[in-house]
Protein chains: 2
Amino acid sequence: MCQRCNYAELLESCGLEPIPNRMRVLEVIGENASPLSAQDIFMTVSRTGGINRVTVYRILDLLVEKGLVDRLSSPGRSQMYGMAPNPNHPAHPHFHCRTCGAVQCLQPESVKVEMETLERTFAGEVQAVEIRLEGICRNCLKRA
Amino acid sequence: MCQRCNYAELLESCGLEPIPNRMRVLEVIGENASPLSAQDIFMTVSRTGGINRVTVYRILDLLVEKGLVDRLSSPGRSQMYGMAPNPNHPAHPHFHCRTCGAVQCLQPESVKVEMETLERTFAGEVQAVEIRLEGICRNCLKRA
DNA sequence: CCATTTTATGCAACTATGTTGCATTGAAAC
DNA sequence: GTTTCAATGCAACATAGTTGCATAAAATGG
Ligand SMILES: [Mn+2]
Ligand SMILES: [Mn+2]
Ligand SMILES: [Zn+2]
Ligand SMILES: [Zn+2]
């Protein structure tokens, strides 16, 4: 996904030592074009050497807490993880195929959100906006 | 939530017999001001007489499949259920408090979505759009 | 009305995802 | 080198949701 991101720097920029497991998890997330489940990440990281499932969950919690990674809700039972918006990666909506379950990142500007009314009237503090589209993906449309 | 919805009619309108358990589940969803988890629904329905947890899940699957109810993703491990948009209930965004976990329905017009670019360029078929806001709710702001 | 078929329900067992407690290891700090 | 603290692994647990199968309740057809 990203030739521009230096994962060690990203970790350091939020006070995390760039130790091997953190680097491995963050790289897997960063190099993939669409968000991955914890399971996906665990299996991918495992291919390059041992790591415990729990360690992956703990690293994910840490990366989300520090704001490097976004935890995205999904229509299934698991959550998904993708790079949080940063100067190289603007926030963008996601599309979930109801037929095959695939998730795609959409262009940042393909869906625009107008929140003026909300900002003027909402008494809480909005910290993030997630836009999820559901439907049938290109591939599944062809097959049908 | 709704004085205008006739739940039996709604069920019939999509080919489902308005049998008691379906009615009880749909009423609980319809009369609540914000989406509920399957667990919430099970406990609420249980107060008015016996029902099995699995039966609730099966009814929820059915109502979602028929489009009467929307399954909303949540930041936690469970999904939430609310009335699907219909003439009495326009689609609207939801707000999830990161501190207390509460979910609120927002005004339908408080957040506007502009999808022209997407519609012009996206090769799949978009069937639904979910807008989720996260942050700190009014109550939690006060407490902090 | 009874017999047959279909649909809904309950229960137990299971799967998937994520979490916790605790012991062990490994890397800083002194 | 010893102490200290963070990171890891492992087992056990928790929670949400699913499946298979038997039973009960409706609907259907005489
Ligand atoms: Mn993405
Ligand atoms: Mn709502
Ligand atoms: Zn698809
Ligand atoms: Zn709150």
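Residue numbering restarts at 1 for every chain, and letters A, B, ... go by the order of the sequence lines.
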Item to check | Between P of dA8(C) and CD of Glu65(B), the distance in whole Å | outcome: 11 Å
Item to check | Heavy-atom side-chain proximity of Pro93(B) to Cys105(B) below 4.5 angstrom | outcome: no
Checklist entry - Rounded to whole angstroms, how far apart are CG on Leu62(B) and C1' on dG17(D)? => result 17 Å
Next on the checklist: Looking at Asn88(B), is its backbone amide N or carbonyl O close enough to the side chain of Asn86(B) to form a donor-acceptor pair, meaning the two atoms are under 3.5 Å apart?
Outcome noted: yes
Checklist entry - Under a 4.5 Å cut-off applied to non-hydrogen side-chain atoms, are Leu36(A) and Val28(A) in contact? => result yes
Next on the checklist: Has His89(A) got a side-chain atom pairing as donor or acceptor with Pro87(A)'s backbone, closer than 3.5 angstrom?
Outcome noted: no
Checklist entry - For residues 132-141 of chain B, which residue pairs qualify under side-chain hydrogen bond (donor to acceptor under 3.5 Å, both in side chains), counting only residues two or more places apart or in two chains? => result Ser73(A)-Arg132(B), Glu130(A)-Arg132(B), His96(B)-Arg132(B), Arg98(B)-Glu134(B), Arg132(B)-Glu134(B)
Checklist entry - Expressed in angstrom and rounded to an integer, what is the separation of Met43(B) atom CE from dA16(D) atom C1'? => result 14 Å
Item to check | Nearest-angstrom distance from the residue atom CZ of Phe42(B) to P of dT9(C) | outcome: 14 Å
Item to check | Ring center gap for Phe122(A) and Phe95(B) short of 6.0 angstrom | outcome: yes
Checklist entry - Given atom CE of Met23(B) and atom P of dA8(C), what is their separation to the nearest angstrom? => result 15 Å
Checklist entry - Asn21(A) side chain N/O closer than 4.0 Å to the phosphate oxygens (OP1, OP2) of dT8(D)? => result yes
Checklist entry - Are Val64(B) and Val126(B) in one and the same hydrophobic cluster, where Ile, Leu, Val, Met, Phe, Trp and Tyr link if side-chain heavy atoms are under 4.5 Å apart? => result no
Checklist outcome for this item: Of Ile51(A) and Ile19(B), the one whose closest nucleotide on DNA chain D sits nearer the 5' end is Ile51(A)
Next on the checklist: Strictly distance-based, threshold 3.5 Å: is any side-chain N or O of Asp70(A) a donor or acceptor partner for the main-chain N or O of Leu72(A)?
Outcome noted: no
Next on the checklist: Please tell me if Asn52(A) has a side-chain N or O lying less than 4.0 Å from either OP1 or OP2 of dT8(D).
Outcome noted: no
Checklist entry - Taking five pairs at each end, how big is the angle between the two axes of the helix from dC1(C)-dG30(D) to dC30(C)-dG1(D), to 10°? => result 20°
Checklist entry - Can you give one letter per nucleotide of nucleotides 17-30 of chain C, 5' to 3': B if a protein heavy atom sits under 4.0 Å from the base, S if only from the sugar-phosphate, - if neither? => result SBBBB---------
Checklist entry - With a 4.5 Å heavy-atom cut-off, do Ile59(A) and Leu26(A) have their side chains touching? => result no
